[in-house]
Amino acid sequence: MKFDLIDWSAQDLYCFDELAPLLHTERGSGGLPLRLRKADTPGCMMQNGEATVLYSVRAQIWRELGILCGEAEHSDSFFKKEVPCYKDLGVMLDCSRNGVLTTQTVEELIRLLALMGYTSLQLYTEDTYRIDGHPYFGYQRGAYSRDELMQMDKYAAMFGIELVPCIQTLAHLECVLRWQEYADVRDIDNILLVDEPKTYELIRDMFCQMAKSLHSRRINIGMDEAHMLGLGKHLERYGYQDRMQIMLRHYRRVIDIAHEFGYEPMMWSDMFFRLATHGEYYTDGELVVDPSIRNIVGNDVTLIYWDYYTLEQEKYDHMFDSHKKICDKLAFAGGAWKWEGLCPNSWYSQAVAPVAHRSCCRSGIQQVIITAWGDNGDECSLYSVLPAFLQWAELCYNNNDNDELLEARFRTCTGGSYRDFLHLGDASVMPDNPPPGRCGVNPTRALLYQDLLGGLFDAHAEYSQADYLRACARRMEKCRDHAPQRWQYLFETQRILDGLLAEKCTLGLDIRSAYAKRDANGLLNCRKRALALLPCIEALLHAVEEQWLHENKIFGLDILQLQLGGLKERVLFAARRLQDFAQGRFERLEELDEPPLPFYGSQCTDKAVVSPAWRNIVSAGNH
């Protein structure tokens with residue numbers, strides 16, 4: 001479709017040209033006249049041979065342009081109006097768990113988010129940004145330079161999307177604190193040393209660097225999950241102190257530094273809850289808060305209530321009500337589940353979104369952030385969770401997420417199929433755990449990395465999983481063939497993974513069975529099957545490399561290659577060991593004399609369970 005853009009600014013024209021390939025449109029004389037018009041609410045219309053995009057903030061222009069293009073395919077006269085539920089709808093991208101997105105990837109995502117109607121974007125950077133005078137900060141981690149941050153900031157701003165810095169000023173700094181350079185500011189584990197002057201010099205340098213690199217004067221200062229706060233060097237130096245007071249003292253100093261740079265800070269809220277409830281965040285009981293805490297917190301910060309798990313609206317409602325006892329300024333963070341292996345947990349993302357959305361509306365929440373964490377190595381593609389981003393956008397603008405709407409809008413914004421992208425997560429919902437599945441369950445990581453001989457998850461493997469995974473692989477092949485070329489690599493990676501898991505998931509069981517019977521021929525057959533895994537692992541290694549380089553800087557790929565390379569070496573070793581035993585070289589295989597125990601204790605009979613980090617899957621002796 002061709003548009004004649006009437007009275008568009010040079011920046012508007014540039015943005016249109018950036019989005020035109022996605023919308024299969026172009027501009028030129030002789031096209032349908034198209035105007036932009038400010039309005040109280042966003043919308044689009046076509047009548048009397050002319051089209052208009054209505055917007056109240058700049059970020060809405062591109063969403064309404066996409067809707068206009070979609071509607072114009074079916075009608076030459078229409079009027080569409082939308083009333084957003086939130087003022088600020090944002091995405092947070094994890095750039096700290098090995099994967100640091102390239103500037104090209106961030107800019108591509110900005111285009112997709114612009115078509116969905118997002119207004120802000122946060123890059124979660126623990127140490128993955130350069131700080132002048134700190135050579136070890138972000139060393140060999142792919143840290144963003146000031147020029148890169150400025151480039152992404154400028155690009156986002158053209159579409160009306162605010163690039164908000166998202167840093168850590170208390171915990172989650174293990175990659176920095178490993179260096180002797182920062183020994184003076186380390187309390188314990190990944191936590192900064194509160195009350196140490198050098199700590200606040202470092203934090204001031206963090207703010208200074210972000211202030212020089214990004215225009216936004218909102219900032220996410222982190223401060224979540226500092227579970228051991230005050231229990232390391234701080235304890236040795238000052239003795240035991242009330243940990244809530246330590247937290248509040250640190251909070252106040254960080255807020256004051258933020259204000260020096262003109263920042264309006266936001267932070268994750270869990271530490272206030274954990275310290276008030278002796279460890280719990282999601283509490284069902286009445287939250288008792290010392291009035292002095294509210295006085296200290298004040299309205300100097302926006303507290304972010306994060307919840308990626310809950311399926312009951314009353315629990316969200318209770319948590320929002322509890323937050324209001326601490327602070328009036330609240331935001332909500334939901335999750336796009338990509339943090340549990342190579343496979344997304346798309347079905348769970350889809351299930352929690354409408355429940356959380358209803359509670360946000362009930363509680364008057366005006367800022368919502370969808371997080372895409374990459375815990376334990378950032379194995380999963382960012383683009384695999386695009387359906388979650390789209391679903392939240394439609395809930396925000398339409399209070400609606402029916403399948404027909406999501407499919408149409410997803411095709412407009414990405415060119416792909418919403419349903420096919422959801423199926424990327426099929427391997428996370430095994431036969432005994434149908435969609436949306438139990439919270440956090442994603443067995444693919446354990447089935448992939450566990451050892452053939454000492455499999456710590458063999459108690460959770462069953463033969464129905466193999467047939468199911470083969471069906472998943474066949475579906476991925478069909479989805480790949482139907483997808484635009486741009487997205488085919490996502491389905492190909494998942495096809496290879498599903499196929500590998502189908503052949504590997506019960507091999508450990510068959511090895512144990514043949515060993516128990518001292519069946520030499522059975523063991524040699526298992527050896528043959530083990531060797532047949534090698535080309536599958538090689539294919540996965542190549543697919544993971546291609547997927548990584550589509551999206552991320554080179555740093556961090558080494559971790560996935562080491563994990564998969566270790567798997568390959570252990571498969572080779574298992575094949576040799578089985579052959580040696582079958583041929584009488586050994587009288588026993590000690591690994592197989594150990595019975596398979598349920599990973600989560602003798603009472604756990606579920607087959608599909610939560611897969612922990614790689615280091616806890618590969619060996620009982622890894623520490």
Side-chain angles (χ1 to χ4, degrees), residues 341-343 377 379-381 427 443-458 460-463 465-474 476-477 480 489-515 519-549 557-583 585-586 589-592 596 611 614-615 617-619 622:
L342 284 163
C343 176
E379 297 160 294
C380 188
S381 167
T444 56
R445 182 185 278 150
L447 293 177
L448 175 63
Y449 291 128
Q450 77 160 343
D451 196 64
L452 286 181
L453 298 179
L456 298 182
F457 285 80
D458 274 344
H460 303 285
E462 62 177 11
Y463 289 95
Q465 293 173 343
D467 291 337
Y468 176 77
L469 286 163
R470 290 188 186 96
C472 289
R474 291 192 294 271
M476 288 299 96
E477 184 174 13
R480 179 200 64 195
Y489 77 94
L490 297 174
F491 299 101
E492 178 63 4
T493 300
Q494 201 62 47
R495 181 194 70 81
I496 294 170
L497 173 66
D498 294 348
L500 170 59
L501 294 180
E503 302 308 316
K504 180 177 181 286
C505 66
T506 59
L507 181 51
L509 301 182
D510 292 335
I511 290 172
R512 288 180 179 277
S513 176
Y515 175 73
D519 178 0
N521 288 332
L523 289 171
L524 289 174
N525 182 58
C526 288
R527 172 187 177 273
K528 182 178 179 181
R529 289 168 59 192
L531 292 174
L533 295 178
L534 295 175
C536 300
I537 297 172
E538 283 284 352
L540 185 60
L541 270 162
H542 289 302
V544 165
E545 177 184 328
E546 180 183 358
Q547 180 169 288
W548 187 275
L549 295 177
L557 175 60
D558 52 348
I559 302 299
L560 298 187
Q561 290 173 328
L562 287 167
Q563 291 176 180
L564 291 171
L567 171 64
K568 178 181 173 182
E569 187 59 36
R570 286 297 296 174
V571 168
L572 282 167
F573 177 76
R576 293 198 302 271
R577 193 137 167 83
L578 292 175
Q579 181 173 13
D580 288 345
F581 179 80
Q583 294 177 349
R585 182 178 174 188
F586 302 121
L589 297 178
E590 293 90 334
E591 314 96 303
L592 298 178
S611 296
W614 171 86
R615 64 180 179 275
I617 295 171
V618 292
S619 172
N622 196 14

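By the 4.0 Å N-to-carboxylate-O rule, Glu477 lies too far from Arg495 to be salt-bridged with it. Look at Asp498 and Arg474 and you find no salt bridge, because none of the NZ, NE, NH1 or NH2 atoms lies under 4.0 Å from a carboxylate O.
Considering every non-hydrogen atom in both Cys505 and Ala461, the closest pair reads O-CB, 3.4 Å. Closest of all the heavy-atom pairs between Gly565 and Leu541 is N-CD2, 4.5 Å. Residues Phe586 and Phe581 come closest through the heavy atom pair O-CD1, 3.4 Å. Closest approach of Ala514 and Gly522 over heavy atoms only: CB-C, 3.9 Å. Summarising the geometry of Ser611 relative to Ala446, their closest heavy-atom pair is OG-N, 3.2 Å, with the distance given to 0.1 Å. Leu564 and Ile537 make their closest contact through O-CG2, 3.9 Å (heavy atoms, listed as atom of the first residue, atom of the second, distance).
The residue from Lys528, Arg470, Arg529 that alone fulfils the salt bridge (charged side-chain N to carboxylate O under 4.0 Å, His left out) condition with Glu503 is Arg470.
Formation of a donor-acceptor pair under 3.5 Å by the Gln465 side chain with backbone atoms of Glu462 is found in this model. Panel note: side chain Thr493, backbone Tyr489; a donor-acceptor pair is recorded below 3.5 Å. A donor-acceptor pair is defined here as one N or O able to donate and one able to accept, closer than 3.5 Å; such a pair exists between the side chain of Lys504 and the backbone of Leu447.
Taking CE from Met476 and CZ from Arg480, the interatomic distance works out to 11.0 Å, rounded to the nearest 0.5 Å. Distance check: Ile617 CD1 to Asn622 CG gives 10.5 Å after rounding to the nearest 0.5 Å. In this structure, CD in Gln579 is found 13.5 Å from SG in Cys526, a value given to the nearest 0.5 Å. Expressed to the nearest 0.5 Å, how far CG of Asp510 lies from CG of Asn525 amounts to 8.5 Å. Atoms CG and CG, from Leu592 and Leu523 in turn, are 8.0 Å apart once rounded to the nearest 0.5 Å. Note that CD of Gln563 and CG of Leu567 are 10.0 Å apart. Values are rounded to the nearest 0.5 Å.
By the 4.5 Å heavy-atom criterion applied to side chains, Arg576 and Leu572 are counted as neighbours. At least one side-chain heavy atom of Gln547 sits less than 4.5 Å from a side-chain heavy atom of Leu490. Between Cys536 and Ile496, the closest side-chain pair of non-hydrogen atoms is not below 4.5 Å. Taking 4.5 Å as the limit, every side-chain heavy atom of Asp451 sits out of range of all side-chain heavy atoms of Leu456. Side-chain contact check for Leu578 versus Leu524: every heavy-atom pair is 4.5 Å or farther apart. Leu452 is not listed as a side-chain neighbour of Arg570, based on a closest heavy-atom distance of 4.5 Å or more. At a threshold of 4.5 Å between non-hydrogen side-chain atoms, the residues Leu589 and Asp580 do not count as touching.
Ring orientation note: the planes of Tyr449 and Trp614 are nearly perpendicular, at an angle over 60° on the 30°/60° scale.
Under the side chain to side chain donor-acceptor pair (under 3.5 Å) criterion, Glu538 pairs with Lys568, not counting sequence neighbours. The side chain to side chain donor-acceptor pair (under 3.5 Å) search around Asp458 returns Gln450, Arg512, not counting sequence neighbours. A search for side chain to side chain donor-acceptor pair (under 3.5 Å) contacts involving Arg577 returns Glu590, Glu591, not counting sequence neighbours.
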Passes side-chain contact (heavy atoms from CB on, under 4.5 Å), Leu500 versus Leu448? Steps please. CA-CA 8 Å; Leu500 170 59; Leu448 175 63; 3.6 Å; yes
Please walk me through it: do Val571 and Leu531 pass side-chain contact (heavy atoms from CB on, under 4.5 Å)? CA-CA 7 Å; Val571 168; Leu531 292 174; 5.8 Å; no
